[in-house]
Amino acid sequence: MGAKKDAKAQRGRKDGQAEDDAAKSDGPASGKGKLDGKKAKERGMDAFEQMELQRQRESRQRIVDRFLRLILVGFLLDALKGGDADGAKDERKKKSSSKSSGSEGLSVKSLKEKANTYGGPAIMLAFIIAMLAIRAAEEGYHPADHDEHEFNYYEVMGLTKGVDQMEIRKAYKALALKYHPDKNPDCSECAEKFGKISKAYDTLSNVEARKAYDSGRRAKKSLESQSSVELGLDDFESQVLRSNEVWFVQAYDPNDGSCKSFATGWEDVAHTYGEHAHFGRLDVSKAELKSLLPFKPVLLPVVFRYARGMSVEHWMFSERMARQEESAGGGKALMNFMESNFPEFHRHSDASELKRWWSSDGPRILVVGPSSSSLAAKAKDFMPVFRMAHVWEEFFSFASADAQAMVEVLGSSFAFDRGQTWALVLRGSGGATTKEHVRNVRDMAPLIQDFISEEIPRQAPIATIRNYQQLCGDKALAQGTSKTYCLILVDASAEETAKALKELESSQKAYYQEVQELRNAGEDSEEPFRIQPVRVASSSSRFPWNPAAPGPSFAAIWAEASKARAFIVEMETRKYAAVKTPSLNEIFQSIAYEDLKLEDLQEDGPPLSRLFSDPETTLRREVSAFLSTSLGAICAYVLVALVVSVAPELELLQLAVPLVVLVVVLMLASPTLNRKIISIFWCTLNSSRMECQRNF
């Protein structure tokens with residue numbers, strides 16, 4: 001027995017020595033040697049280690065096979081294998097069928113094989129269908145595009161919904177000069193084109209006809225409103241959710257009896273308070289409009305209040321209110337709701353609190369007046385001041401206090417004289433402080449408006465889709481001036497911005513002085529204009545406290561301006577000019593004397609409403625926009641194929657690690673995605689920041 005063991009051990013040593021000699025003769029670079037080395041290493045493992053190694057190999061092979069099949073390459077490889085593989089496969093099927101001896105045709109194993117073969121392509125087909133659906137959703141739909149009319153009136157005139165009547169008339173005049181058949185006798189298409197333009201203009205120039213068209217051509221029996229605007233899918237977000245104004249939106253059904261009873265009250269309130277808030281309506285008889293509301297109302301009408309940085313409040317009408325108010329039709333109850341839910345600014349109750357607020361940087365507007373209810377103004381009188389505070393909160397800080405607290409903080413020189421009740425204390429960006437006494441609260445709004453008009457050009461805020469209209473298109477700011485030009489500073493640093501503001505102020509003073517001298521001499525001079533500087537970043541920052549990427553129109557408009565670091569845009573007339581001089585010391589004079597010539601943007605060019613950034617756009621929308629592009633769809637397709645290939649081979653905890661790595665890689669690759677993810681946590685800790693405030 002011992003002799004047999006010795007002989008067996010000796011044969012093992014000889015075999016091992018022969019394998020070593022063969023490996024040495026092949027050399028370390030030989031593929032055969034490497035393969036034999038692996039086999040030798042595997043023979044040195046125990047059975048469990050060999051099973052684990054075999055399992056890993058099979059797992060890797062399954063991942064590769066799934067991935068190739070998901071991207072459709074696997075089917076091509078299968079087709080190229082040839083007839084031998086098919087014959088071998090048929091032989092195996094015959095052996096398997098003989099062993100099964102009449103077992104059921106669709107076994108669990110065969111179902112798994114078919115699922116493994118065709119499941120991946122089925123998933124990817126579903127993914128492609130989802131991508132097409134996302135793209136269709138991005139393009140949008142509105143009844144005005146697909147009704148009894150064959151064309152969209154706004155597109156024919158090169159306009160966007162929401163433009164005022166002046167812009168419609170200007171667009172019609174320009175298009176009439178271009179396409180009128182009498183002016184283009186050799187143009188065969190001009191007659192048809194001009195016919196469409198005329199038809200569009202006839203509808204859009206008529207206020208009532210335009211309202212009916214904008215709302216998808218409502219039935220003639222529907223409830224019309226003269227004091228509020230009809231909102232739809234294409235403008236609810238831009239007008240309401242991206243607005244610094246306070247909005248009251250009525251959800252109604254034109255066929256509902258309560259809505260008809262409330263119509264008079266709604267019109268009275270909208271007409272009375274139209275200068276202090278914006279009023280709109282949503283016809284929820286159209287199912288697609290219900291999705292715009294915070295919840296789907298059961299009883300109508302319902303009025304929702306939207307205000308930046310505040311949760312949405314709602315008020316419901318009832319027939320009992322209408323009966324109690326007799327002819328008011330629910331209007332009194334709605335007024336109470338508005339006044340009690342209108343945004344207000346903070347009132348400092350003691351001097352120490354007021355001192356901390358006043359010592360902070362930036363322009364300050366302090367409303368000084370009594371706190372007792374017997375002397376305080378009515379809520380309606382305060383609403384113009386509250387509105388301005390809410391609209392301009394991004395650039396000016398508002399607060400209120402009583403006269404005693406003001407004197408303790410600012411000194412006795414600010415004390416009230418006998419009989420004085422109300423005052424405004426204004427501090428500009430330069431630190432100069434003035435006090436304006438007023439007889440009542442109603443006189444404050446014009447003074448605040450004048451102060452903002454003087455101060456805002458001394459700032460160069462980041463222009464966004466929310467604030468660009470009030471900065472560069474607000475006619476209230478242009479009182480006493482003919483027009484407003486928007487000076488866009490691209491990628492300007494803090495030092496460059498400070499230099500530009502200093503030069504701009506110097507040029508403005510010199511120009512206004514020249515205009516005044518001409519008027520004093522009795523000579524004709526046109527009304528002075530204003531220039532509002534704003535900043536724009538050409539690319540998105542990865543962090544929410546820095547500027548977001550500009551709007552989709554920016555690249556085309558900036559290219560027309562030769563990618564100048566500063567360029568002028570006049571929003572109303574769609575004119576632009578690149579500022580190529582290194583200094584802005586004579587920018588006002590250059591525009592006034594036409595040394596800087598403004599050119600027209602292309603009529604069919606990108607809309608100015610999409611020139612500026614929209615930092616409030618949701619992560620879902622950003623992802624949808626990316627997936628709607630060809631590159632985004634390809635990237636998403638490959639990522640989904642990779643995840644579907646790997647996921648079945650991993651445990652739940654093991655799957656978490658690659659998913660985290662994937663998110664990190666995507667954040668590094670996409671500044672926008674990085675910005676959105678960080679903003680979720682940053683805004684949780686800084687909810688009062690303007691970047692984090694929403695209208696919902």
Side-chain angles (χ1 to χ4, degrees), residues 242-246 276 307-310 343-346 357-367 384-400 424-434 436 444-479 481 484-489 492 494 496-498 500-502 504-505 508 530-537 544-548 550 569 571 611-616 686-695:
R242 293 292 190 278
S243 173
N244 280 330
E245 297 284 354
V246 181
H276 315 320
R308 184 201 64 250
M310 305 177 71
E344 301 180 359
F345 45 74
H346 184 69
W357 173 78
W358 187 262
S359 61
S360 302
D361 295 332
R364 292 286 184 268
I365 298 176
L366 178 64
V367 176
V385 179
F386 286 151
R387 173 196 167 271
M388 297 192 71
H390 185 74
V391 169
W392 292 100
E393 183 186 3
E394 184 178 357
F395 316 107
F396 300 89
S397 182
F398 286 74
S400 65
L424 272 176
V425 181
L426 310 170
R427 190 186 75 191
S429 54
T433 303
T434 59
E436 299 283 350
M444 288 186 177
L447 293 174
I448 295 174
Q449 185 73 60
D450 292 341
F451 175 72
I452 291 175
S453 300
E454 293 178 5
E455 277 295 319
I456 196 64
R458 296 170 186 168
Q459 303 181 35
I462 299 294
T464 65
I465 196 172
R466 180 185 283 276
N467 65 28
Y468 83 94
Q469 278 286 5
Q470 68 189 75
L471 291 171
C472 298
D474 193 341
K475 295 179 181 178
L477 288 182
Q479 291 178 353
T481 59
T484 298
Y485 295 99
C486 200
L487 174 63
I488 300 176
L489 306 175
E496 292 171 335
T497 302
L501 290 174
K502 185 177 180 180
L504 198 61
E505 185 175 4
Q508 180 186 17
R530 62 185 292 268
I531 297 178
Q532 176 59 52
V534 298
R535 288 179 292 147
V536 172
W545 50 86
N546 290 330
V569 174
M571 296 292 179
L611 171 62
F612 301 106
S613 65
D614 183 11
E616 301 173 35
N686 302 274
S687 58
S688 61
R689 290 287 297 259
M690 286 296 300
E691 297 88 343
C692 302
Q693 294 187 15
R694 304 289 186 268
N695 288 31

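When all heavy atoms of A548 and S613 are compared, the pair lying nearest together is O-CB, 3.9 Å. The minimum heavy-atom distance linking P457 with R530 is given by the pair CG-NH2, 4.0 Å. The heavy-atom pair separating I448 from M388 by the smallest distance is CG2-CE, 3.8 Å. Heavy atoms only, all atoms of each residue included: V385 and A445 are closest at CG2-N, 4.4 Å. In terms of heavy atoms, F612 sits closest to V534 at CE2-CG2, 4.4 Å. Smallest separation of non-hydrogen atoms from R242 and I465: CD-CG2, 4.0 Å.
Looking at L471 and P461, their side chains come closer than 4.5 Å, going by heavy atoms from C-beta outward. The shortest distance between side-chain heavy atoms of E245 and R387 falls below 4.5 Å. By the 4.5 Å heavy-atom criterion applied to side chains, E455 and W392 are not counted as neighbours. The closest side-chain heavy-atom distance from Y468 to M571 is below 4.5 Å. A heavy-atom distance below 4.5 Å is found between the side chains of P343 and M310. A heavy-atom distance below 4.5 Å is not found between the side chains of P363 and F395. Under the 4.5 Å side-chain criterion, counting only non-hydrogen atoms from C-beta, I456 is in contact with Q532.
Side-chain N or O atoms of Q470 include one that pairs as donor or acceptor with a backbone N or O of V391 at under 3.5 Å. Within the 3.5 Å criterion, the main-chain N or O of G362 finds a donor-acceptor partner in the side chain of R427.
With values rounded to the nearest 0.5 angstrom, E394 atom CD is found 6.0 Å from T464 atom OG1. The distance from atom SG of C486 to atom CG of L611, rounded to the nearest 0.5 Å, is 8.0 Å. Here the straight-line distance linking atom OG of S243 with atom CG of N467 works out to 11.0 Å at 0.5 Å rounding. With rounding to the nearest 0.5 Å, the separation of CG in L447 from CD1 in I365 is 10.5 Å. For the atom pair CZ (R535) and OG1 (T497), the distance works out to 5.0 Å, reported to the nearest 0.5 Å. In this structure, the separation between CZ on R466 and CZ on R308 is 6.5 Å, given to the nearest 0.5 Å.
A cation-pi geometry, defined here as NZ or CZ lying under 6.0 Å from the six-membered ring centre and within 45° of its normal, does not hold between R364 and W358.
The one candidate from V367, L366, T434 that meets the side chain to side chain contact (heavy atoms under 4.5 Å, CB included) condition with V425 is L366.
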